[in-house]
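Here the structure comes first, spelled out in structure tokens, and everything after it is commentary.
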Amino acid sequence: MVQAKASRGLKICCGVIVVLVIVAIVFTILALTLFKPKNPEITVYPQGLENIGLGSGGVLNASTINSTVAMVVTVNNRNYGTFKFKNATGFINYRGDVVARVPIQQSVVPARGKFNISTVADFMVERLIMNATFWADVLSGSVNFSSDATLHGKVTMFKVLKIHASALSRCDLSIFIRTRNIQSICKTRIKL
Ligand SMILES: *[C@@H]1O[C@H](CO)[C@@H](O)[C@H](O)[C@H]1NC(C)=O
Ligand SMILES: *[C@@H]1O[C@H](CO)[C@@H](O)[C@H](O)[C@H]1NC(C)=O
Ligand SMILES: *[C@@H]1O[C@H](CO)[C@@H](O)[C@H](O)[C@H]1NC(C)=O
Ligand SMILES: *[C@@H]1O[C@H](CO)[C@@H](O)[C@H](O)[C@H]1NC(C)=O
Ligand SMILES: *[C@@H]1O[C@H](CO)[C@@H](O)[C@H](O)[C@H]1NC(C)=O
Ligand SMILES: *[C@@H]1O[C@H](CO)[C@@H](O)[C@H](O)[C@H]1NC(C)=O
């Protein structure tokens, strides 16, 4: 009688251990896959920059280039946790020189959600139009810029687990003058 009880206790005990091990394995796999922090995808897209070099009559001078360009910064948070970041400034470079600053206002991007930030870039127009290389690019049919932005913030999982995270984004923007097309190719890295 006593022996039977003991063996039943042993069975229950072993069962519990097996279940715990399985649960631990499942959690580890989930932590390493589904819930592993993923890069937020950040894209920077100018609005109406197509008009660059297309002043009335195709004449380009300081008064026909608008120095303020509306920008949409889209943050695609692929994490199972919200991504909250602080105010930041993005930069637009032309052949390695900064030609515009893009203020990015602090926001919270929901878990597995996209968030658009509308902002305005202030271009240092003189720097561009005084530069012969810029005109050579315009005449060749395409002008290329790059943008850099770093968002400092944190990813919060299950409301309690907070991980500091910085998202570094770099985009290559190509403006094709004739077709008025803009191509934006972005790469984002997350630093925990
Ligand atoms: C700039 O171009 C506009 C028309 O496109 C013209 O009216 C204006 O006089 C030009 N300004 C200068 C400084 O050349
Ligand atoms: C310049 O851009 C701003 C915002 O994008 C717009 O409000 C303004 O009308 C534009 N000015 C000209 C001369 O195109
Ligand atoms: C972030 O920027 C907004 C507007 O640009 C400002 O109102 C706010 O105070 C800033 N927050 C911080 C923490 O600097
Ligand atoms: C034009 O821009 C390029 C790249 O920013 C720079 O290396 C070059 O010195 C500039 N030229 C002039 C005349 O400012
Ligand atoms: C964000 O902006 C892009 C491009 O302007 C647009 O296609 C997309 O629908 C917007 N998404 C949201 C959530 O507003
Ligand atoms: C800009 O980049 C595109 C590819 O994205 C390339 O085809 C084009 O030649 C480049 N233009 C200049 C002026 O470097």
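These figures come from a predicted structure and were not determined experimentally. Values below: all heavy atoms of this structure, side chains included; hydrogens, waters and symmetry mates excluded. The residues of the chain are indexed from 1 along the displayed sequence. Both counts, for ligands and for their atoms, begin at 1 and track the order of listing.
- At a heavy-atom distance under 4.0 Å, only side-chain atoms of Ser174, from C-beta outward, approach ligand 6.
- Partner of Val19 under the side chain to side chain contact (heavy atoms under 4.5 Å, CB included) criterion, chosen from Val16, Val21, Val23: Val23.
- For a heavy-atom separation below 4.0 Å, the residues in contact with ligand 3 are Asn87, Gln105, Gln106.
- Within ligand 6, counting atoms from 1 as listed, the ones closer than 4.0 Å to a heavy atom of Asp137 are 13 (C).
- Annotation for Ala121 and Ala100: closest pair CB-CB, 4.4 Å, computed over non-hydrogen atoms.
- Taking hydrophobic clusters as Ile, Leu, Val, Met, Phe, Trp and Tyr residues chained together by side-chain heavy-atom distances below 4.5 Å, Val143 does not share a cluster with Met124.
- Annotation for ligand 6: atoms under 4.0 Å from non-hydrogen atoms of Asn144 are 1 (C), 2 (O), 3 (C), 8 (C), 10 (C), 11 (N), 12 (C), 14 (O).
- Contact detail for Ser147 and Ile92: the closest heavy-atom pair is CB-CG1, 4.1 Å.
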- Message: If you apply the rule side chain to side chain contact (heavy atoms under 4.5 Å, CB included), what do you find for Asp137 with Arg95, and how did you get there?
- Response: CA-CA 11 Å; Asp137 282 357; Arg95 289 180 181 263; 3.0 Å; yes

- Query: Given Asn93 and Asp148, is the side chain to side chain donor-acceptor pair (under 3.5 Å) satisfied, shown in steps?
  - Reply: CA-CA 8 Å; Asn93 310 293; Asp148 281 307; 3.2 Å; yes

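- Those atoms of ligand 6 that come under 4.0 Å of a heavy atom in Gln183, given as number and element, are 5 (O).
- Classification of the Phe145-Phe123 ring pair by plane angle, with boundaries at 30° and 60°, yields perpendicular.
- A cation-pi arrangement is absent between Arg101 and Phe91, since the terminal nitrogen or guanidinium carbon is not both under 6.0 Å from the aromatic centre and inside a 45° cone about the axis.
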